[in-house]
**Q** 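What follows is a single structure, and I will ask about it in a moment.
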Amino acid sequence: MSRKPLIVGNWKMNKTVAQTKELIGQIATQITKVVGVDVGVAPPFLALSAGIEATRNTAIEVFAQNMHEADSGPFTGEVSAPMLLELGVQGVILGHSERRAYFNETDRALALKVRKALDSKLVPLLCVGESEEERDGDLTERRLRQQIQEGLALVTADDLARIVIAYEPIWAIGTGAVATPTQAQEAISFIRALVADIGGAAADQVRILYGGSVTDQSASELLAQPDIDGALVGGASLDAQTFTRIIEAAAAVTAAA
Ligand code: PGA
């Protein structure tokens, strides 16, 4: 089963509206010749509208960085699926480790958010990953099992192919300590086996990305691993040239396959 690679830039709390237009314009110009790779960007909420506008007539998809599971209601500071859909957003990052660590994101809420995204025809990009202590304590598989089983608890086998998962070890995020290709491949093939427990053959269609200090230097080797279907890129996605080189690395791996 060949899966089309997906490279998504997670901009976190970076870029104003004006900067969003500029960066997307630069990326769009630089990737016009790239084929065989899906590309997404996830600007902050306030810049989503400008992002959608800037990606018109390009193949770049726009993701939100979070959303609430309810359609509307007394949830100050939150944003819902209908609001994102109205703008034309295509997907939503859910359960990023920064949201889990700083904003009390729970696996239970994530199960509802993943379900809501699917019902809303938004692509859920569910993030999972172990801490350094968990890896050192040989608890990586246990943590991943819990996050996948609980996060996908309301997903049926029929929905599975529409989900994207990002394996992002917490110790690798924003630290420069990128996982080795072997570490990333091992964790991601383990995640694929967990997904197969839910959906059997559909697990072959689920795209599972690696994230955590991906740069244009490390991308090729990571993306060449058999189970790694793309990358969720933080810091290196804020510069058009670097991000483009990562996208080109994905295209080269696909072309060589
Ligand atoms: P990083 O972030 O590439 O800056 O490590 C990745 C992420 O948090 O998604």
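Source: prediction; values computed, not measured. The residues of the chain are indexed from 1 along the displayed sequence. Just so you know, ligand 1 is whichever comes first in the structure, and atom 1 is the first atom listed for that ligand.
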**Q** Under the salt bridge (charged side-chain N to carboxylate O under 4.0 Å, His left out) definition, can you give me all pairs with a residue in residues 26-52, not counting sequence neighbours?
**A**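 Listed by first then second residue: Lys4-Asp38, Asp38-Arg207.
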**Q** Which ILVMFWY residues are connected to Leu46, directly or by a chain of links, through side-chain heavy atoms under 4.5 Å apart?
**A** none
**Q** Before you tell me yes or no, could you show the steps for Arg56 and Glu53 under salt bridge (charged side-chain N to carboxylate O under 4.0 Å, His left out), namely the whole-Å CA-CA distance, both residues' side-chain angles and the distance that decides it to 0.1 Å?
**A** CA-CA 5 Å; Arg56 219 176 285 283; Glu53 192 56 41; 3.0 Å; yes
**Q** Taking all non-hydrogen atoms of both residues, which atom of Thr244 and which atom of Ala240 are closest, and how far apart?
**A** OG1-O, 2.7 Å
**Q** Not counting sequence neighbours, list each pair that qualifies as a salt bridge (charged side-chain N to carboxylate O under 4.0 Å, His left out) and has a residue in residues 63-91.
**A** Asp71-Lys116
**Q** Check each N or O atom of ligand 1 against all protein N or O atoms and list the pairs under 3.5 Å, with atom names and distances to 0.1 Å, one per line.
**A**
residue	atom	partner	partner atom	Å
ligand 1	2 (O)	Lys12	NZ	3.2
ligand 1	3 (O)	Ser213	N	3.4
ligand 1	3 (O)	Gly234	N	2.8
ligand 1	4 (O)	Gly235	N	2.8
ligand 1	5 (O)	Gly174	N	2.6
ligand 1	5 (O)	Ser213	N	2.7
ligand 1	8 (O)	Lys12	NZ	2.7
ligand 1	8 (O)	His96	NE2	2.6
ligand 1	9 (O)	Asn10	ND2	3.4
ligand 1	9 (O)	His96	NE2	3.3
ligand 1	9 (O)	Glu168	OE1	3.2
ligand 1	9 (O)	Glu168	OE2	2.6

**Q** Please examine the side chains of Gln65 and Asn10, heavy atoms only from C-beta on, and report whether any two atoms are closer than 4.5 Å.
**A**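 Yes, their side chains come closer than 4.5 Å.
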